[in-house]
Amino acid sequence: MPNPRCKFLFLFIQLVSIITFCHYTREIRSEDNNTSAVKVDVGIILDLETDVGKVMHISILLALADYHANTSRGAIRIVPHIRDSKNNDVEAASAAIYLLKDVQVQAIFGPQMSTQTDFVIDLGNRVKVPIISPATSPSLSVKENPFFIRGALPSSSQTKAIAAIVKNYNWREVVVIYEDSPYGTGILPHLTDALLEISTLVSYRSGISPSANDDQILRELYKLKTMQTRVFIVHLQPSLASRLFLKAKEAGMMSDGYAWIITDVLTSLLDLVDTSLIESSMQGVLGVKSYVPRSNELNNYTKRWRKRFRQEYPDMDQVELNIFGLWAYDSITTLAEAVEKVGTTAIPKLKKPDTRENITDLDALRTSEVGSLLIHSMQNIELKTGLSGDFHIVDSELQPSPYQIVNIIGKGEKTVGFWTEKDGISHKLKMNGKTAKTNNKQLGVIIWPGESTIVPRGWEIPTSGKMLRVGVPVKGGLEQFIKVERDPKTQAVTATGFSPDVFKEVIQSLPYAVPYEFIPFTIAHSPTSQNYDDLVQKIISKEYDAVVGDVTILASRSEYVDFTLPFSESSISAVVPVRNDDRKNAWIFLKPLKTELWIATGAFFVFIGFVVWVLEHRVNKEFRGPKRKQVGMIFWFSFSTLVFAHKEKITSNLSRFVLIVWVFVVLVLTSSYKASLTSMLTVQQLQPAITDLNDLIKNGEYVGYQKGSFVKDVLKRMKFDRSKFRSYSTLEEYNDALSRGSKNGGVGAIVDELPYLRLLLNKYCRKYIMVGPTYKAAGFGFAFPKGSPLVPDVSRAILKVMEGDYMNNIIQKWFGNETDCPQKDGMAITSDSLTLDSFKGLFLIAGVSAGSALLLFFLIFVYQNREIVATDDSVWKKLCTIAKVFDLERDNSNSMSEKPSEGNESNTPTLLAASEASPEIFPDIPSQSPEIRISDSLGASPAADGFSTTEPGTPVHQTITDTIEER
């Protein structure tokens, strides 16, 4: 039986042999893989003297290690060639040339500084090698450099997030503090544009050199402290920003009322700033940085990164992983995927340039044959599982991610909100796939500098002791609105009146103190002297900080200054003298109707009388007779309808129709006349001498206005003659000019704004009256410089003052009780006389009715006497014959209709007698045939009404017929 110990020893030796064989086989396989793998050389240029460079260095090594650890990617091996730029542009350029010429890399990651990257990009464009750089300067354009890919967000992408914070707190002005270098200046145009989109101005740009000492920084901060703006946006590297905030604390600018916003380069690298400095000098600062979603992969990677960092830099204090390290990891991973997409075949070396003598290092650079393939593969690529989030490159540019808004409290930061380009600001951010959905459109509770929870106003009155310079007009009149006096001893300027009192109350109602001083501005009397426009323009020249007074808000003025809300309504109207009491006028009965209406009424009376006479002349004996009687009848009958006193009998139906319509017109006219005359005689009212400003232009009257007022320009636009202008300053001058009138060196009217005119009427309410029309104006307001932060606060204060009782007290103090003069209600007066326009419709109806009746009568008359028209006589003879026939009276007896034989007998002698007595009536008819039948029934009443006609079968009818046939 074998020994058990020998058996165990045999098995142990066999197991060791198997393990040794497997290990040997694995090494051989590994060597074979390394020998067959395609090597791709990639250059890495970093500033390893900086913490950010070291952070990216570790991330790059881990990214390559993770890529090679994947056995499915054994066909390609990326070999990094790391070079240190030593924070020097020349060193960076030298490293790039070395990598392209000697190593012949297929791509370069870096450099991290914008000035270094600019030159390296040009080299990449020349040799067609992709340059993936984490430089954030917007001046580096991916559109102008086809082989440049930005592996980090440009600093310009955060400008809208910063502008959203400014807008959220309604700050109107900000100061930008930036590093005076290509890195710092690149953001300025983008930040300015983003702020202008929300109507916020960059009031000052403070550039600080990276080499500035502490005294220079402190001197610049004291300069900023003397300005109004208290909102500062800081775009500095961490080292320079630390010194700035330390000196800002020393200058007292980290206290209540100040607001500080730092950009992402400082917020993301806040761990590089000394914690003691953060606690002492950066409390209450707001910052923005790219949002990195938390994940298990990121947590595991962070642990690995810290371990590797301690291995690579054991003598260095621990540095935390930041966004630049994550971007470096994702960029190298993206580059590795792009290399894999190009193919697993052997990637050739760079193509040799033409060999020439005396060539430089730049000329010796070789062109890459795969660079175009790599850049095409990387220009649009997405890394869905990136450590920094959704690492998505479109057109060689990394796409923006949500921004995180933090508040620096204690030793660290507190998240107070988020910002996305689609949804703006939100308190919380929920990631749902690729879409960032926001809610609660406000930031969280923020602790501001000075440990205050009150949102800073954004501006303050400068602490240098300078007061608000307020310009006030001095015009020597209308002192109820503003009166400026200077103390002869102290030279102190005081302003009283309606406008200054409102301004003082508004300033007192502000939640903060605003010291001010009044500066007088003289409005002289000469035509070429200064006016209110010149006063307002003093704000543009920065001689005044504000203008207070009876200054009207105009569109032309608002182009160069900002006005507050109006504190007094205003319109432009005119005041004219009151004319004498018309009730004592002997001709007042003519006043109710305008002249043109009197003329039109009289003309229609005559016209209607003529129409009725034409219709009744042949059938009504009362409308016949001598010519003088007939003319008198025309006037008598028509005018008698005015009082419905006509007694003449109307027999024609057409006449009755015309008369019915006319009587209705007369009824309306008389009723309107009575109402207007009654109003004039019974209602006591003040009537203006002129009812319309256009009457002043027609009559060539002089017009008065207030000196220095914009009303002069209004009068010019109304086509007034400039030579007819006269300016005045006081109410007494207004009164004197209106009393004398245009013919005696005065004016026919005073055109001014309503507040001044009401003041005039309050004093002289029985002498003058306001007439229309009234032209609207915006009212009186206080003027400030464009973009002044005082404007919204003062406007809100004006509303509060106007809503309270104090405004009524000011009005009562300076203008008295406006109800003391009942006739001075400011109502625009127009003419009380009735015009033709009001009765055009009635006259049209009457005219059409009468004209239609007259036309119908004429057509019937011509038709019934068509035998005369059918003759061969001249037109003149035909007209004369028709006129004579029209003048003949038609028999109105009933005998013919009742007894035809008797009617014929009695009618024949009459006609014969008429023919014998007046043979000239029918000169063309033979005398031997005197029996003529005159046929006419023009609108006459039927036989039952007493009218008769000759029957067609009578001898008279036959005789006329035979005679006409013979002719």
Side-chain angles (χ1 to χ4, degrees), residues 42-61 80-100 103 105 108-124 131-140 148 150-152 154-155 178-187 207-214 216-217 234-244 263-274 277 309 312-313 315-328 331-332 361:
V42 174
I44 309 294
I45 302 176
L46 297 174
D47 186 1
L48 296 178
E49 295 182 358
T50 63
D51 293 339
V52 175
K54 295 174 182 178
V55 169
M56 289 192 291
H57 177 213
I58 302 302
S59 295
I60 291 173
L61 295 179
H81 299 270
I82 301 175
R83 290 294 179 269
D84 185 5
S85 65
K86 300 178 181 180
N87 196 21
N88 187 281
D89 295 352
V90 177
E91 289 289 344
S94 177
I97 294 174
Y98 169 78
L99 292 172
L100 293 173
V103 182
V105 296
I108 293 178
F109 178 87
Q112 65 194 64
M113 301 300 295
S114 301
T115 54
Q116 300 172 8
T117 305
D118 195 11
F119 178 74
V120 177
I121 290 175
D122 292 336
L123 294 178
I131 307 297
I132 304 100
S133 173
T136 60
S137 175
S139 60
L140 302 175
F148 170 50
R150 196 191 305 275
S155 57
Y178 63 97
E179 183 178 301
D180 192 7
S181 65
Y183 157 77
T185 57
I187 195 177
I208 299 179
S209 174
S211 60
N213 56 39
D214 291 347
Q216 292 173 330
I217 294 175
V234 180
H235 184 60
L236 300 175
Q237 296 282 1
S239 58
L240 186 57
S242 300
R243 296 163 55 201
L244 173 78
T263 57
D264 61 349
V265 67
L266 180 56
T267 310
S268 299
L269 303 179
L270 202 60
D271 60 292
L272 302 180
V273 180
D274 189 0
L277 187 143
F309 188 88
E312 295 289 336
Y313 304 100
D315 299 333
M316 184 178 174
D317 294 336
Q318 182 63 44
V319 176
E320 294 299 327
L321 177 65
N322 54 48
I323 186 64
F324 290 96
L326 298 179
W327 282 335
S331 296
I332 294 300
D361 288 341

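All of these numbers come straight from a predicted model, not from anything done at the bench.
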Under the rule for salt bridge (charged side-chain N to carboxylate O under 4.0 Å, His left out), what residues qualify as partners of D214, not counting sequence neighbours? R243

Mind running side-chain hydrogen bond (donor to acceptor under 3.5 Å, both in side chains) on T50 and Q112 for me, showing each step along the way? CA-CA 10 Å; T50 63; Q112 65 194 64; 3.2 Å; yes

Test of understanding: with ring pair (Phe, Tyr, Trp, His ring centres under 6.0 Å), list the residues that count as partners of H57, not counting sequence neighbours. none

Residue set satisfying side-chain contact (heavy atoms from CB on, under 4.5 Å) with S268, at least two apart, ordered chain then number -> D264, K289, I323

Show the numbers, then the answer: is there a side chain to side chain contact (heavy atoms under 4.5 Å, CB included) between V105 and V42? CA-CA 5 Å; V105 296; V42 174; 5.7 Å; no

Checking S59 side chain against G325 main chain: does a donor-acceptor pair fall under 3.5 Å? yes

Does any part of the side chain of V120, heavy atoms only, come nearer than 4.5 Å to the side chain of P111, both counted from C-beta? yes

Euclidean distance, E320 CD relative to L270 CG, rounded to 0.5 Å: 12.0 Å

At what distance, to the nearest 0.5 angstrom, does OG of S331 lie from CE of M56? 9.5 Å

Run the side-chain contact (heavy atoms from CB on, under 4.5 Å) test against D317 and tell me which residues pass, sequence neighbours left out. none

To the nearest 0.5 Å, what is the distance between NZ (K54) and CG (D51)? 6.0 Å

Name all residues meeting the salt bridge (charged side-chain N to carboxylate O under 4.0 Å, His left out) criterion together with E312; count only those two or more places apart in sequence or in a different chain, and write none if there are none. R308

Compare all side-chain heavy atoms of F324 with those of V55 and state whether any distance is below 4.5 angstrom. no

Could you walk me through whether L123 and I131 pass the side chain to side chain contact (heavy atoms under 4.5 Å, CB included) check? CA-CA 9 Å; L123 294 178; I131 307 297; over 6 Å; no

Check step by step if side chain to side chain contact (heavy atoms under 4.5 Å, CB included) holds for D47 and D84. CA-CA 5 Å; D47 186 1; D84 185 5; 4.0 Å; yes

Suppose we screen for side chain to side chain donor-acceptor pair (under 3.5 Å). Which residues come up paired with S155, at least two apart in sequence or across chains? none

For the CG atom of L140 and the OG1 atom of T117, what is their distance to the nearest 0.5 Å? 6.0 Å

side-chain contact (heavy atoms from CB on, under 4.5 Å) partners for A152, two or more places apart: P134, T136, W327

With sequence neighbours excluded, tell me which residues meet ring pair (Phe, Tyr, Trp, His ring centres under 6.0 Å) with F309. W305, Y313

Measure across S85 and Q116 and return the closest heavy-atom pair with its distance rounded to 0.1 Å. OG-OE1, 3.4 Å

Does Y98 have any ring pair (Phe, Tyr, Trp, His ring centres under 6.0 Å) partners at least two apart in sequence or in another chain, and if so, which? none

L48 and G53: which non-hydrogen atoms are nearest, and at how many Å? CD2-O, 3.9 Å

For Y183, enumerate each residue passing the ring pair (Phe, Tyr, Trp, His ring centres under 6.0 Å) test, keeping only those at least two apart in sequence or located in another chain. H235

For the residue pair S137 and S114, what are the closest heavy atoms and their distance? CB-OG, 3.0 Å

With side chain to side chain contact (heavy atoms under 4.5 Å, CB included) as the test, would you mind laying out the steps for I82 and I60 before giving the verdict? CA-CA 10 Å; I82 301 175; I60 291 173; 5.7 Å; no

Under a 4.5 Å cut-off applied to non-hydrogen side-chain atoms, are L266 and V273 in contact? yes

Side chain to side chain donor-acceptor pair (under 3.5 Å) pairs, two or more places apart, involving residues 86-97: D89-T115

For Q237, enumerate each residue passing the side chain to side chain donor-acceptor pair (under 3.5 Å) test, keeping only those at least two apart in sequence or located in another chain. none

Rounded to the nearest 0.5 Å, what separation is found between the CD1 atom of I108 and the CZ atom of F148? 13.0 Å

